[in-house]
Amino acid sequence: MVSPVRVWLNRTYAENVFFMDQLRRNPADRAVEIHATHGDPDSPVLAAADTADLEPEGLSPAGYVEYALDQCVRRGIDVFVPRLYQSAIVAHRAEFEAVGTALLAPPPEAVAVFQDKVIAYEAVRAIGVPVPPWWRVRTAEELVSAVEELEAHGHRACFKPASGAGGVGFRMVTRGPFSLADLNGFPGPSVPLHLVVEALRAADEPVDWLVMPRLEQPEVSVDCLTGPDNRVRLAVGRTKDGRRRGFTLHERWLAPARRIAEEFGLHHLANVQFRMYGDRPVLMDVNTRPAGGLHQLALCGINVPWAAVRLALGDDPGELTPPFLGQDYTVVSGPRPLRPVSLPHQRPDLPSVAAPAPAPAPAPVKYPAVTAPAVGPINAPAPDPAAGAPA
């Protein structure tokens, strides 16, 4: 009898409940048991997992690596999909392999390039992939200078953190005064320049922002699956233009994404995002992790999470091409069950997992343990990851 594959997702996006669903519904009909950890006891990923733990707060990156190794040993993890502290974890890949755990993440060199958007833009431009004009700013004076330069060329300026994920910290600069018009309707990303300048001058420390022109739609997120040989196994674009979503295999989007994945060794799952600057696509961002919207590729007849787990385990799925492209769609929110109490408990029917023998593991540390029963699939798709940060 083939043993189940044990997969761990740490403090991940709420949308990844669908990543978990697809692993369980894999085309090989292989049993999959999913472990999840999070800082929020009411995260839906904890409720959707077979076993789960609350993550301790306040750990340093090194402390989190020790915690992660302990989790892998105690839970018998075969494949670990790290999001939180990804860069620290991948730097210790050999230690995870020694306890029998494969990391579904790029090597540390690749992660380091794309942690800082300035370094990323410079590196990507050096290999011939177009990027938008940008300015790194840390003071109010630098911000005003960058905004004036962009406006002189007819662009609307926006800024975002030089390091960050999703849409956290993204703002568009306006010149109008703050008025009641800004208080009507839903809050938006626009902010008057003079208020930003006042906030910067009153701050105790400098910021680290990237200022650039507001890029136009469509936005295309290319999901890539790349092997340890730097060869891309899968590249499919997910398009977004307002509410309308769709898919594309057009090389104007896929070719630069493949080049980035292959040149920088973005092994396993990565997401490369483009928008329009004038009449050409330019790089917007690179995520060295599975995108929250990855599950939407199921509408094209492919199960990408399972292909990625196979690749992490050394079972190469080969080159993957969608058998068809799904019709245009939109995303809506829907209910997802949680535990009836805020602290889930361990599933009693799961047998304890023996720790693998190979290398000595860190001394076990006691952490608050929670687990929830598996939750069946839900029909409503998840929101797009670009809309926000992990829930």
Side-chain angles (χ1 to χ4, degrees), residues 2 4-13 15-36 45 48-50 68 72 77-84 86 89-90 93 96-97 100-108 110-111 114 221-238 247 254 257-258 260-262 264-273 286-323 382 385:
V2 179
V5 178
R6 290 281 291 169
V7 180
W8 173 25
L9 288 80
N10 76 335
R11 203 173 297 205
T12 190
Y13 295 89
E15 292 91 342
N16 274 333
V17 294
F18 300 104
F19 185 103
M20 297 157 72
D21 288 344
Q22 289 185 333
L23 288 181
R24 292 190 177 106
R25 297 196 301 265
N26 66 81
D29 201 26
R30 178 83 180 269
V32 175
E33 291 175 0
I34 298 173
H35 182 56
V45 299
D50 297 295
C72 290
I77 300 301
D78 298 304
V79 178
F80 178 19
V81 188
R83 191 203 64 81
L84 184 66
Q86 185 191 64
I89 289 165
V90 297
R93 185 182 301 269
F96 285 93
E97 290 177 348
T101 301
L103 297 182
L104 201 157
V111 173
F114 296 103
S221 295
V222 181
D223 295 306
C224 296
L225 177 63
T226 306
D229 57 359
N230 292 350
R231 184 167 56 84
V232 172
R233 307 302 197 269
L234 170 78
V236 181
R238 289 182 288 112
F247 304 100
L254 269 55
R258 284 197 199 95
I260 291 170
E262 292 173 351
F264 296 102
L266 291 177
H267 301 167
H268 304 293
L269 288 171
N271 176 256
V272 185
Q273 300 174 355
V286 176
N287 296 308
T288 59
R289 52 164 176 78
L294 180 70
H295 64 277
Q296 294 162 9
L297 293 183
L299 297 176
C300 299
I302 46 177
N303 186 326
V304 183
W306 177 245
V309 166
R310 285 181 58 192
L311 188 60
L313 291 172
D315 179 19
D316 196 330
E319 298 212 7
L320 303 172
T321 302

Problem - Arg258: side chain to side chain donor-acceptor pair (under 3.5 Å) partners, not counting sequence neighbours - result: Glu251
Problem - Which residues share a side chain to side chain donor-acceptor pair (under 3.5 Å) with Asn10, sequence neighbours left out - result: Tyr64
Practice task
Please identify each residue that fulfils side chain to side chain contact (heavy atoms under 4.5 Å, CB included) with Glu262, with sequence neighbours left out.
Solution key: Val232
Practice task
Verify whether the ring centers belonging to Phe114 and Phe264 lie closer than 6.0 Å.
Solution key: yes
Fill in the blank from the handout: d(Asn16 CG, Arg289 CZ) to nearest 0.5 Å is 8.5 Å
Practice task
Identify the heavy atoms of Pro322 and Cys300 that sit nearest to each other, and give their distance.
Solution key: CB-O, 3.8 Å
Practice task
Provide the closest heavy-atom pair for Gly265 versus Asn230 in the form atom of the first, atom of the second, distance.
Solution key: CA-OD1, 3.4 Å
Handout entry: Contacts of Ala298 that satisfy side chain to side chain contact (heavy atoms under 4.5 Å, CB included) - sequence neighbours left out
Key = Gln22
Problem - Partner set under side chain to side chain contact (heavy atoms under 4.5 Å, CB included) for Pro228, not counting sequence neighbours - result: His267, Leu311
Problem - Donor-acceptor contact present, side-chain Glu33 to main-chain Val7, <3.5 Å - result: no
Completion exercise
Contacts satisfying salt bridge (Lys or Arg N to Asp or Glu O under 4.0 Å) that involve residues 290-299 (not counting sequence neighbours) are none
Completion exercise
With sequence neighbours left out, the residues meeting side chain to side chain donor-acceptor pair (under 3.5 Å) with Thr101 are none
Handout entry: Exam field: side chain Asn271 to backbone Ala291, donor-acceptor pair closer than 3.5 Å
Key = no
Completion exercise
Residue set satisfying side chain to side chain contact (heavy atoms under 4.5 Å, CB included) with Leu299, at least two apart, ordered chain then number -> Phe247, Tyr329
Problem - Which atom of Leu254 lies closest to which atom of Gly237, heavy atoms considered - result: CD1-N, 3.9 Å
Problem - Side-chain touch Val222/Val236, heavy atoms, less than 4.5 angstrom - result: no
Problem - Pair Val79-Leu313, side-chain contact (heavy atoms from CB on, under 4.5 Å): steps then yes or no - result: CA-CA 7 Å; Val79 178; Leu313 291 172; 3.5 Å; yes
Handout entry: Side-chain ion pair, Arg24 and Asp29, N-O less than 4.0 Å
Key = no
Problem - Nearest-0.5 Å distance, CD1 of residue Ile302 to CG of residue Leu297 - result: 5.0 Å
Practice task
Go through the steps to decide whether Leu104 and Leu269 satisfy the test side-chain contact (heavy atoms from CB on, under 4.5 Å), and finish with yes or no.
Solution key: CA-CA 7 Å; Leu104 201 157; Leu269 288 171; 4.1 Å; yes
Practice task
List the steps and the verdict of side-chain contact (heavy atoms from CB on, under 4.5 Å) for Leu9 and Arg83.
Solution key: CA-CA 8 Å; Leu9 288 80; Arg83 191 203 64 81; over 6 Å; no
Exercise for the section: Determine the minimum heavy-atom distance between Val45 and Ala36, stating which atoms define it. Expected result: O-CB, 3.6 Å
Handout entry: Pairing residues for Arg30 by the side chain to side chain donor-acceptor pair (under 3.5 Å) criterion, not counting sequence neighbours
Key = none
Handout entry: Listed partners of Phe80 passing ring pair (Phe, Tyr, Trp, His ring centres under 6.0 Å), at least two apart
Key = Trp8, Phe96
Practice task
State, yes or no, whether a side-chain contact exists between Val81 and Pro290 at a heavy-atom distance under 4.5 Å.
Solution key: yes
Exercise for the section: Would you mind reporting whether Ser221 and Val272 have side-chain heavy atoms less than 4.5 Å apart? Expected result: no
Handout entry: Shortest non-hydrogen contact from Ala110 toward Thr288
Key = O-CG2, 4.3 Å
Completion exercise
Separation between CD (Glu15) and CD (Gln296), nearest 0.5 Å, reads 9.0 Å
Problem - side chain to side chain donor-acceptor pair (under 3.5 Å) contacts in which one or both residues fall within residues 311-323, not counting sequence neighbours - result: Arg231-Glu319, Arg233-Asp316, Arg310-Asp315
Fill in the blank from the handout: For Thr226 and Ala261, the nearest pair of non-hydrogen atoms, with its separation, is OG1-CB, 3.6 Å
Problem - Value rounded to 0.5 Å, distance of CE in Met20 from NE2 in His35 - result: 10.5 Å
Exercise for the section: Apply side-chain contact (heavy atoms from CB on, under 4.5 Å) to Trp306 and Val32, showing your working. Expected result: CA-CA 10 Å; Trp306 177 245; Val32 175; 3.8 Å; yes
Handout entry: Interatomic distance, Leu266 atom CG to Asn287 atom CG [nearest 0.5 angstrom]
Key = 10.0 Å
Completion exercise
So CD1 of Ile34 and CG of Leu23: to nearest 0.5 Å the spacing works out to 5.0 Å
